[in-house]
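Working notes, beginning with the structure itself.
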Amino acid sequence: MAASLATLARRAFSTSLRNASAAGGGAAHDGGTKQWKMLSYLVALPAVALCMVNAFMSGEHGRPEFIAYEHLRLRTKRFPWGEGQKSLFHNSHANALPDGYEEEEH
């Protein structure tokens, strides 16, 4: 049984090698680079531009109401920078502290 499986595997491998070497220069793939280049210019770049316009034109959103849930904003120890309550990338407009949002000065 094992000998027949080994023979079958060897035959399949040699057949695939023979077919791959017979293909030669790859004439079936001519023009693929030009097709993908045009697809990038005509589809991908306009799609990225539309996404950018959508992101910038969506406008400002107000921050959500602060609700002091017990499982959020837990501080078991202080952060090693600043006064210890703000994370390293703290945004006073978007990130609340354990006792609420910071007062913004305008």
Side-chain angles (χ1 to χ4, degrees):
M1 179 73 173
S4 63
L5 286 176
T7 304
L8 182 64
R10 192 175 324 113
R11 187 177 299 158
F13 182 70
S14 65
T15 304
S16 66
L17 281 177
R18 191 177 325 119
N19 289 341
S21 65
H29 298 289
D30 289 343
T33 305
K34 184 177 180 182
Q35 176 186 1
W36 282 104
K37 187 184 236 181
M38 292 303 294
L39 204 61
S40 296
Y41 290 138
L42 299 176
V43 176
L45 290 179
V48 169
L50 285 174
C51 289
M52 287 176 56
V53 167
N54 184 31
F56 287 117
M57 300 297 282
S58 65
E60 291 288 324
H61 296 287
R63 63 181 170 196
E65 176 187 351
F66 177 77
I67 301 172
Y69 291 113
E70 295 178 13
H71 63 281
L72 295 178
R73 293 173 288 277
L74 296 176
R75 304 285 195 270
T76 56
K77 63 180 185 175
R78 300 173 62 84
F79 289 116
W81 49 83
E83 87 269 351
Q85 288 296 317
K86 297 177 185 175
S87 65
L88 185 60
F89 300 105
H90 181 76
N91 181 350
S92 62
H93 178 71
N95 304 123
L97 295 173
D99 55 348
Y101 288 108
E102 298 176 56
E103 295 297 323
E104 292 187 11
E105 301 169 10
H106 288 265

**Item:** Phe79: partners by ring pair (Phe, Tyr, Trp, His ring centres under 6.0 Å), with sequence neighbours left out
**Value:** Trp81
**Message:** Please enumerate all residues that pass salt bridge (Lys or Arg N to Asp or Glu O under 4.0 Å) together with Arg73, with sequence neighbours excluded.
**Reply:** none
**Complete:** Correct closest heavy-atom pair for Gly100 and Phe66 would be N-CZ, 3.5 Å
**Message:** Applying salt bridge (Lys or Arg N to Asp or Glu O under 4.0 Å) as the test, list every pair that has at least one member in residues 85-96; sequence neighbours left out.
**Reply:** Lys86-Glu102
Quiz: residues 39-59 side-chain donor-acceptor pairs under 3.5 angstrom, not counting sequence neighbours:
| residue | atom | partner | partner atom | Å |
| --- | --- | --- | --- | --- |
| Ser40 | OG | Trp36 | O | 2.9 |
| Ser58 | OG | Ala55 | O | 3.1 |

**Asked** Where is the tightest heavy-atom contact between Arg63 and Ser92, given as atom of each residue plus distance?
**Response** NH1-O, 3.5 Å
**Request:** List for me each residue that meets ring pair (Phe, Tyr, Trp, His ring centres under 6.0 Å) alongside His93, sequence neighbours excluded, and say none if there are none.
**Result:** none
**Request:** Please examine the side chains of His90 and Leu97, heavy atoms only from C-beta on, and report whether any two atoms are closer than 4.5 Å.
**Result:** yes
**Message:** Just to verify, what does Tyr69 make a ring pair (Phe, Tyr, Trp, His ring centres under 6.0 Å) with, not counting sequence neighbours?
**Reply:** His71
